[in-house]
Amino acid sequence: MLRSVWVDYSRKGSPDVVFVGRRRDGEPAALVVKGFRPYFYVEAEEGFDPDRLEGLSGVVEVREVERRHPYSVEERVSLYQVLVTYPKVVPRLRERVKELDGVREVYEADIPFVRRAAIDLNVPPASEIDVDGLREGSWSGLPAYFADAEEARELEHRPYPLDELVVASFDIEVLAEPGTTTEGSAGPVIAISFAYRTPDGERGNYVFTWKGEEAEFTVDGVETEVVVCESEAAMLREFVERFRRVDPDVVFTYNGDEFDLPYLKRRADRLGLDVGRLARPPGKRGVIIKPGAARRASDIFGRAHVDLYHTAQKNLKLERFTLEEAVRDVLGVEKEELELAEINEAWKRGDLERLFRYSAEDAHYTLELGLELAQVELELSYLTRLPLPDAVRFSFGQLAEWRALYRAHHEGILAPNKPSRDEYERRRREEYKGAIVFEPKIGLHEHVVCVDFASLYPNVMVHHNISPDTFDCDCCPEVTVEEADDPTEATVAPGVGHKFCRRREGFFPRLVKRLIERRREYKARLREVDPDEEPERYRLLDVRQQAYKVLANSYYGYMGWANARWYCRECAESVTAWGRYYIREVRRIAEEEYGLRVVYGDTDSLFLKLPGADLSETIDRVKEFLEDVNRRLPVELELEDVYERILFVTKKKYAGYTTDGKIVTKGLEAVRRDWAPIARETQRRVLERILKDNDPDAALKEIHRVLERLRSGEVDLDELAVTSQLTKKPSEYVQKGPHVRAAQRLARYLGTEPEPGTIVRYVIVRGPGSVSDKAYPVELAREEGKEPDIDYYIEHQILPAVERIMKALGYSRGQIVGESTAQKTLDQFLG
DNA sequence: GGCTCTCGGGG
DNA sequence: GTGTACGAGAGCC
């Protein structure tokens, strides 16, 4: 049995597909599949001579095949399947074939070879594979099992728990001059922290460095060893050695895709070191950086690099997605933090203890975070047949598509192509009526319960058979909601007029139904497990049902995604139409039958309160209501959050304080680095006064205090500094924004033109002209004694951050800026 | 109002 | 690697 974590294919000779992982006995091993060929499909006019395909160089064989039509439940498409020698010949061949007379279209010619193989052979890249009985041998020094394509198709496999792998994490600290970027000036790596855990529970934490003294301390109860090396190069060598000895299957990082791995590789290259030794087996393609991508991806050959930044973004709801925030949210731990300047300072002064502890904590908690969050990625990788590192990086839309590609292949359905650039743009302009957003009751409310439809859209898709291949069928009559005896049995979506087949099940409903049913099975099994007795098994089943759920939930969004292969505007439009129908029904039931008041609602959520009731009464009433609704309608309405207080500002913008002490904000965040610290801080304090202390007047006083400080010139330029990054040289900009003009001023001052990647810290100073005319680098502004432009900071920073919030509480602009003292009493705004 | 540009995570 | 995110917000023109 092999637990595989990684797939690639050999570039020399035949393109063998190699799955690398670990055997049950703990040894690393590989499954090598021989004889699977790259291919694509060609649709041609009648009378087209397939010999013309056969004659092209790189083509091995041409087969006549039939596939099911992607947009019709009945139709079949006749195609030529063109099998070729190597993956890399496909792009060239695809273009040549398109130009042949009589060729209408080329299909499935853009599917990377390992993904194609994982789908067709039905060997999930991250799965426990029964390889016993296969021919044994070795591949690049690893014990290997050999199968031909036909044998591979028969292999049994299943998902496995992360605990059965060797998992590790690492984090690097580097010397970076403030105001520079790590892209341009690669300062030395000063410390590498490394943490691991084996299936039998063995753990280790290390900090490798090249200054200071050997030391030992504990982080979160784990012994941590500081290993001091002779030099940076020796430290890198030592890290690589230890890493190889631990031999992790999964490597967690936090933003390793764009920082740790590329940096490590660049630094190692500069020092003449070989990071290829990090690979399993060691080789030239050790650390694979894909630099061309808009978002860079980095991999370690033979191991699964799981960058938890993506996982956090997809699975957590945080205001900011820093490691610190993610760790706080998931593990409830306050991590030791160091500012960039403090890292430099500590290293230069030799004050290293805090630095090492900080570094060790980063790796340790990254590992802990991975142990908590990554199981769902393994499940999604399994469900989509995507390699684990890809599944981690992909959006839910992409995951939905790859699951569809996998199912389509095995159901004999031809996959549509991705849209051209023009088609993509056209789709993006295409508008359709989306979900309903109820008008919020603006102002502050107490004791509000948020309920939402966990699976409204998937249920709608299945129940109403909404799918690209059932849209506008020839076989069913049009029956509207008004005409139908049972409105939920209408063939036409309410209000939008699109008809869907009711005789034959569509591809997407079948796909979604399968996910929903499997999820139900896991939930049933979950009920049989006692979480106290078998916590691991319980957690695993729970994660599994979640993976099915999130995937099922992705298909509505997928059909409306402009880049989708199975894009179907009418489908998406019909799903939202039914969604509006159901949420209105539910709202009516809440109000008419349960006396609940809807203070806000968006898409699949309702914010409810029971006038005159306390929190526990409200919750009880809501629970009764939920049970009733779920029995009566084909929906699943759930209790989502309970708010002590919540402030509705406008549609899509609100902030609340939950009964478990969390501040939740939507659409109000001002956390980007192109906002001045003073604006971010003021907003945070204002929300805290209102939501936690229930004291809007104190919030107003916070604002007045800040405005007063600004006007009196007490505010330090650092509080006003906005940072922004140059993406090209200043002279190359068409439109010279404030950061460009600030950079040009800095260039004149320093005498060198800044490189792309330079980070500019600037303030807006008093004077004539546009914002850009007044943008000065902080150092220069300080040197020349420039005064900050108070009006700019008030109008463009402080007020945008707080004005809407305060207005929702009934304060006028005059009151907010301190020109008027008349205040409405809070009671008027407590509904 | 359209176009251009930047944000995110990491040090 | 059979490839090239994304959606929002600010300021310029």
Side-chain angles (χ1 to χ4, degrees), chain A residues 8-9 11 15 38-40 84 86-95 106-117 171-178 180-183 185-191 253-263 285 288 290-297 307-310 312-313 320-326 338-344 347 355 358-359 362 366 390 393-395 397-398 418 428 561-563 667 669-675 722-728 733-741 759 770-773 775 796-797 800:
Chain A
D8 199 36
Y9 68 93
R11 265 83 177 165
Y39 68 85
F40 57 89
V84 308
Y86 306 111
K88 67 175 181 198
V89 308
V90 171
R92 183 177 54 82
L93 266 172
R94 160 180 80 200
E95 297 312 314
V106 169
Y107 290 100
E108 301 190 29
D110 58 352
I111 297 178
F113 185 60
V114 292
R115 298 187 201 160
R116 173 91 273 172
D171 179 63
I172 67 172
E173 312 303 326
V174 311
L175 268 197
E177 290 303 317
T180 62
T181 164
T182 47
E183 292 295 328
S185 70
V189 178
I190 54 177
T253 64
Y254 203 85
N255 204 28
D257 262 348
E258 294 207 83
F259 181 68
D260 299 77
L261 279 163
Y263 201 98
R285 291 164 50 78
I288 307 161
K290 297 156 193 163
R295 286 300 271 198
R296 189 161 41 183
D307 182 343
L308 295 167
Y309 172 51
H310 306 291
Q313 282 204 316
R320 304 196 65 189
F321 288 91
T322 58
L323 175 60
E324 184 190 5
E325 291 286 336
L338 277 188
E339 304 267 323
L340 178 53
E342 291 180 296
I343 294 172
N344 291 336
W347 182 256
L355 176 64
Y358 162 72
S359 176
D362 275 2
T366 299
D390 289 340
R393 293 177 190 119
F394 279 15
S395 65
Q398 288 168 298
K418 283 201 212 154
R428 282 182 57 121
W561 177 39
N563 212 19
E669 297 86 352
V671 292
R672 292 160 42 130
R673 70 182 180 202
D674 50 6
W675 278 73
V722 170
T723 40
S724 189
Q725 190 169 28
L726 296 178
T727 56
K728 40 195 161 192
Y733 277 88
V734 181
Q735 197 161 283
K736 313 242 190 255
H739 68 301
V740 181
R741 297 288 299 280
I759 291 178
S770 68
V771 176
S772 291
D773 292 333
H796 295 268
Q797 296 273 340

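Every heavy atom of this structure was used, including side-chain atoms; hydrogens, water molecules and symmetry mates were not. Protein chains get the first letters and strands the later ones, always in sequence-line order, with residue 1 at the start of each.
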Gap separating the CG atom of Asp362(A) from the CD atom of Glu173(A), nearest 0.5 angstrom: 5.5 Å
Taking the side chain as every heavy atom from C-beta outward, state whether Val106(A) and Phe40(A) have any atom pair closer than 4.5 Å. yes
Whole-Å gap separating P (dG9(B)) and CG (Asp171(A)): 16 Å
From C-beta outward on Trp675(A), which listed nucleotide comes closest to its side chain: dA10(C), dG11(B), dT4(B)? dA10(C)
Rounded distance (nearest 0.5 Å) linking atom CG of Asp8(A) with atom CD1 of Ile288(A): 6.5 Å
If only side-chain N and O atoms of Trp561(A) are considered, is one of them under 4.0 Å from the OP1 or OP2 phosphate oxygen of dC6(C)? yes
Just call it for Glu108(A): base, sugar-phosphate, or nothing, with non-hydrogen atoms closer than 4.0 Å on any strand. base
Close side-chain approach of Ile190(A) and Leu355(A), heavy atoms under 4.5 Å: yes
Tell me what Tyr254(A) touches on the nucleic acid: a base, only sugar-phosphate, or nothing, going by heavy atoms under 4.0 Å. sugar-phosphate
Considering only dT6(B), dG11(B), dG11(C), which nucleotide approaches the side chain of Val771(A) most closely? dG11(C)
With rounding to the closest Å, how many angstrom separate the C1' atoms on dA5(C) and dG8(B)? 12 Å
Grab the CD-P distance between Gln313(A) and dA8(C) for me, whole Å please. 15 Å
If you look at every strand shown and take non-hydrogen atoms under 4.0 Å, does Pro38(A) touch a base, only sugar-phosphate, or nothing? base
Identify whether any heavy atom of Leu338(A) sits under 4.0 Å from a base atom; if not, whether one sits that close to sugar-phosphate; answer base, sugar-phosphate or nothing. nothing
What is the distance, to the nearest angstrom, from the CZ atom on Phe394(A) to the C1' atom on dA5(C)? 10 Å
May I have the distance from Arg741(A) (atom CZ) to dC5(B) (atom P), rounded to whole angstrom? 15 Å
What is the separation between atom CG on Asp260(A) and atom C1' on dG10(B), rounded to the nearest whole Å? 6 Å
Taking only the side-chain heavy atoms of Ser724(A) (C-beta and beyond), determine which of dG9(B), dC7(B), dG11(B) contains the nearest atom. dC7(B)
Across the strands shown, which category fits Phe113(A) at heavy-atom distances under 4.0 angstrom: base, sugar-phosphate, nothing? base
Report yes if a side-chain nitrogen or oxygen of Tyr9(A) is closer than 4.0 Å to either non-bridging phosphate oxygen (OP1 or OP2) of dT2(C); otherwise report no. yes
The side chain of Arg94(A) is closest to which nucleotide in this list: dG11(B), dG9(B), dT2(C)? dT2(C)
Does Arg116(A) make a side-chain N or O approach to OP1 or OP2 of dG3(C) shorter than 4.0 Å? no
Integer-rounded Å distance: dA5(C) P and His310(A) NE2: 14 Å
Output yes when at least one side-chain N/O atom of Ser770(A) is less than 4.0 Å from OP1 or OP2 of dC12(C), else no. yes
Just to confirm, is there a sub-4.0 Å distance from OP1 or OP2 of dC12(C) to any side-chain nitrogen or oxygen of Ser772(A)? yes
If we take the P atom in both dT4(C) and dG9(B), what is their distance in whole Å? 25 Å
So, is Lys728(A) near the phosphate of dC5(B), with a side-chain N or O under 4.0 Å from OP1 or OP2? yes
Report yes if a side-chain nitrogen or oxygen of Lys418(A) is closer than 4.0 Å to either non-bridging phosphate oxygen (OP1 or OP2) of dT4(C); otherwise report no. yes
Is any side-chain nitrogen or oxygen of His796(A) closer than 4.0 Å to OP1 or OP2 of dA10(C)? no
Axial cation check for Tyr9(A) ring with Arg11(A), 6.0 Å and 45° limits: yes
With a non-hydrogen cut-off below 4.0 angstrom, is Arg428(A) in contact with a base, only sugar-phosphate, or nothing? sugar-phosphate
Under 4.0 angstrom, heavy atoms only, what part of the nucleic acid is Ile343(A) near: base, sugar-phosphate, or nothing? sugar-phosphate
Within a reach of under 6.0 Å around NZ of Lys88(A), are more than 12 heavy atoms found that belong to other residues, nucleotides or ligands? no
Scan Leu93(A) against the nucleic acid and name what it touches under 4.0 Å (heavy atoms): base, sugar-phosphate only, or nothing. nothing
Value in whole Å for how far the P atom of dG8(B) lies from CZ of Arg296(A): 15 Å
Which is true for Tyr107(A) with a 4.0 Å heavy-atom rule: it touches a base, it touches only sugar-phosphate, or it touches nothing? nothing
Hey, does Glu173(A) reach any base, or is it just sugar-phosphate, or nothing, if we go heavy atoms under 4.0 Å? sugar-phosphate
I need the CG-P distance between Leu175(A) and dG10(B), as an integer number of Å. 18 Å
Residue Val734(A), side-chain heavy atoms: nucleotide from dG1(C), dC5(B), dG9(B) that is nearest: dC5(B)
Mind checking if Asp362(A) touches a base, just sugar-phosphate, or nothing, with heavy atoms under 4.0 Å? sugar-phosphate
How long is the straight-line distance from OH of Tyr309(A) back to OG1 of Thr322(A), given to the nearest 0.5 Å? 10.0 Å
Rounded to the nearest 0.5 Å, what separation is found between the CD atom of Gln313(A) and the CG atom of Leu308(A)? 12.0 Å
Measuring to OP1 and OP2 of dG9(B), would you say a side-chain N or O of Arg320(A) lies under 4.0 angstrom away? yes
Phosphate contact (dC12(C) OP1 or OP2) by Tyr733(A) side-chain N/O below 4.0 Å: no
